[in-house]
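Structure record follows, encoded as structure tokens.
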Amino acid sequence: MSPSHAGPAGAPGATRATGSGGATRATRGFEDRASGTTTFEASGGDWSQIAEEAARLGEERIVVNMGPQHPSTHGVLRLMLEIDGETVTEARAGIGYLHTGIEKNMEYRTWTQGVTFCTRMDYLAPLFQETAFCLGVEKLLGITDDVPERATVIRVLMMELNRISSHLVCLATGGNELGATTIMTLGFTAREEVLKLLEMVTGLRMNHAYIRPGGVVQDIPPGTLESVREALGQVRSYLRQLEDLMLANPIFKARLVGVGHLNLSACMALGVTGPVLRSTGLPYDVRKASPYCGYETYDFDVPTSTDADSYSRVILRIEECYQSMRIIEQALDRLQTMGPGPVMVADKKVAWPAQLAIGSDGMGNSLDHIREIMGTSMEALIHHFKLVTEGFRVPVGQVAQSVEAPRGELLVHLVSDGGTRPYRAHFRDPSFNNLQAVSMMCEGGQVADVVVAVASLDPVLGGVDR
Amino acid sequence: MTTGPDDKGPLDAVAAPAETPPAPIRTDASPVERDAVVHADVERAQQGQAPPGPDQGGREPIEVIDVRTGMFGAADGGDTSGYGGLVRRIAMPGASERPYGGWFDEAVDVLTEVLDEDGPGFAAAVERVVVDRGELTLHVAARHLLAVCRTLRDDPDLRFELSMGVSGVHYPHETGRELHAVIHLVSVTHSRRLRLEIAVPDAHPHLPSTTSVYPTHDWHERETWDFFGIVFDGHPALARIEMPDDWPGHPQRKDYPLGGIPVEYKGATVPPVDQRKAYS
């Protein structure tokens, strides 16, 4: 970037005069030898003084660096905005600040261990990466139909719970970025109810590594169905409060209606999916378009809008939460009627040998299993050891598996060379792709609208950079 | 990975004859393993090693991406089981014969018709059609990629209007076709999905950019350049996207080390993950 002005404090913060200590700390303009432009550095303080000085010097082009450390950029997104007064004339997004090489790392771990890595990509929707990866591995193995029905229903249950918690964060942080702290606290309180459920089932609030190739790690603990039903009531009441706070709020509407517009053809050209695409009226949802995990057997709607703005995306996300609850209720009923059963494929050459149980020192391998492999069956011990250290072999080939993540279509491309580890695992994260739309959504708008537009895309930088 | 350049097994010569013509025999190779080298040479001679190309009639030769020996997949240490002489040629699923099944035939027919009428011709543009695990893959010649993409997007009977982006795969043992770019396309209209695969040599890793057809490929092509070093000619600004601008190398390639340091714990040392014992 070749800035004439660099404002590390970010535009929205800088436009507000800070309290008593609000003296500007802008440097005098100095000549940048490389580009020949005058450069100012501003860190906090009164933006108007810098703008005045720029005007006095006849500088018209002002480039503002928003992020990568800015609270309204959802993590470490860097936005490079060229502004003319309060109008954004050019917007570019810079990413890569959270690149951790997950895809490369997965090539050095077994297929089962891969789940532990990909769950950390989009950290607000970990169960979607896990499911997509495991569905891909199962397709490569050719055991898609052997996965027990109970495991599939649990996957659906967990994904839809996760979708609610992810959408709640989107609404909450979106509100927080507008200065509406109550929306934030309410959204996070509601999310807490869902996280409690996720913790109850998987043991962790995030980065669950709960879904495994062939099924899930363990069955849902006793009492889960009742807890989920109870929590759904709570979440529903929180959602109603959120609606009351947001949907008819004149300030909220003034900030969101008509902002961040992106029409259908732009969405298709830029490959934007998820709520942003559905806000243009196209009911494209992978759960309906190419169903997985038996979504075709669940009764739910795909809400759409034709307003194509940030406000309609808020409504869609709330509506999707209600649709997720419909799916969850059906999943709960199914789990109740089907009763206990296996949650991992019967093929012992694929199924992870751990059989977890609660012991006196916490959760671990069940004593029955330990007794069997250590005391009675040498072959079982060898089998356990080989499966855990080497992993299982996956036939040569490549597959692609899509799931509908909260932010859009998540596509996993897996290549196997017949070995025990992925030859290549690529995750087409919806946030990565959708961020390309920032330029189109922000240019021509106000600086404050950038925050709203980016919030309506709901990027999660862990997924963007992987 | 066992496919790295540093741990070349004695039989890599099969996969990459140009690189290592005399098969080096490991000092710890058992007589059986040395036999395997000879067998592999004979096998290679019998196969004739026909160069892959679209103009060759009949079925394409399968893409051998690796050759492994022994039974247990361990790259280090001798295989004392007596099965050390086993030679396995690892090949990606080969070209499929008609009927492909489902809507695949119809889509390929339409593509053939359009490309033959006002395009480069199907035979020249599409090297092979692979149907595997219920998914359709078209291997496309790099120089005709744009024509194929445009046809797939614009023809009303195909209408793959939504792209899921580009990514890469590195097959270091596939001489002359080391770098593959993979494009996943979705037809929302017809509810169909297919994959395009384009192979380019490592020595000249150039592909036409498809951003003019699918603008979404902008960042995806940047990422593929960043991670694999595939150059997309005609891209508006092919800069690195994930790695810093001055980063040397392309990290997702198989010859790029993972890195890491040994970790000491209670007197024992755990080597970094790419140096641990691994199985293939």
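Just so it is clear, the structure is predicted and the values come from calculations on it, not from any experiment. All chains are named by letter (A, B, ...) in the order of the sequence lines, taking the proteins before the strands, and each is independently numbered beginning at 1.
- Of the two parts of A:Pro430, neither the backbone nor the side chain holds a non-hydrogen atom closer than 4.5 Å to a non-hydrogen atom of chain B.
- Pairing each heavy atom of A:Ala289 with each of B:Ser191, the nearest pair is O-OG, 2.9 Å.
- The choice from A:His426, A:Arg466, A:Arg109, A:Glu390 that makes the most heavy-atom pairs within less than 4.5 Å of chain B is A:Glu390.
- Of the two parts of A:Val286, only the side chain, counted from C-beta on, holds a non-hydrogen atom closer than 4.5 Å to a non-hydrogen atom of chain B.
- Listed options A:Asn105, A:Asp465, A:Thr420 were ranked by heavy-atom pairs under 4.5 angstrom with chain B; first place goes to A:Asp465.
- Heavy atoms of A:Ser416 lying under 4.5 Å from chain B belong exclusively to its backbone.
- Looking at A:Val415, only its side chain comes within 4.5 Å of chain B, counting heavy atoms on both sides.
- When each of B:Pro251, B:Gly134, B:Gly165 is scored by its heavy-atom pairs under 4.5 Å with chain A, the top score falls to B:Pro251.
- Within the 4.5 angstrom heavy-atom criterion, only backbone atoms of B:Pro257 (N, CA, C, O) approach chain A.
- The backbone N or O of B:Trp219 lies less than 3.5 Å from a partner atom in the side chain of A:Gln436, making a donor-acceptor pair.
- Within the 4.5 Å cutoff, no side-chain heavy atoms of A:Gln398 are placed close to those of B:Glu135.
- A donor-acceptor pair under 3.5 Å is absent between the side-chain atoms of B:Arg133 and the main chain of A:Gly142, judged by distance alone.
- Summarising the geometry, atom NE2 belonging to B:His170 is positioned 7.0 Å from atom OH belonging to A:Tyr423; distances are rounded to the nearest 0.5 Å.
- Residue A:Leu98 does not touch chain B at all, counting heavy-atom pairs closer than 4.5 Å.
- Counting heavy-atom pairs closer than 4.5 Å to chain A, the top residue among B:Met243, B:Arg240, B:Glu197 is B:Glu197.
- Contact tally against chain B (heavy-atom pairs below 4.5 Å) for A:Gly397, A:Gly418, A:Ser290: the top residue is A:Gly397.
- Both the backbone and the side chain of A:Ile95 have a heavy atom closer than 4.5 Å to some heavy atom of chain B.
- Heavy atoms of B:Val186 lying under 4.5 Å from chain A belong exclusively to its side chain.
- Interface residue A:Phe432: backbone and side-chain heavy atoms are both found under 4.5 Å from chain B.
- In this structure, A:His413 and B:His184 have perpendicular ring planes: the angle between them is above 60°, well past the 30° mark.
- Both the backbone and the side chain of A:Ala93 come within contact range of chain B, with heavy atoms under 4.5 Å apart.
- The nearest pair of heavy atoms linking B:Arg193 to A:Ser402 is NH1-OG, 3.1 Å.
- In this structure, B:Phe227 has its ring center closer than 6.0 angstrom to the ring center of A:His99.
- With respect to chain A, the highest number of heavy-atom pairs below 4.5 Å among B:Val188, B:Asp132, B:Thr137 belongs to B:Val188.
- Of all the listed residues (A:Gly271, A:Gly419, A:Gly101), the one sharing the greatest number of non-hydrogen pairs under 4.5 Å with chain B is A:Gly271.
- Looking only at heavy-atom pairs under 4.5 Å with chain A, the residue among B:Thr216, B:Ile241, B:Val169, B:Ile90 that has the most is B:Thr216.
- In summary, A:Lys104 and B:Glu242 do not engage in a salt bridge, as defined by a charged side-chain N under 4.0 Å from a carboxylate O.
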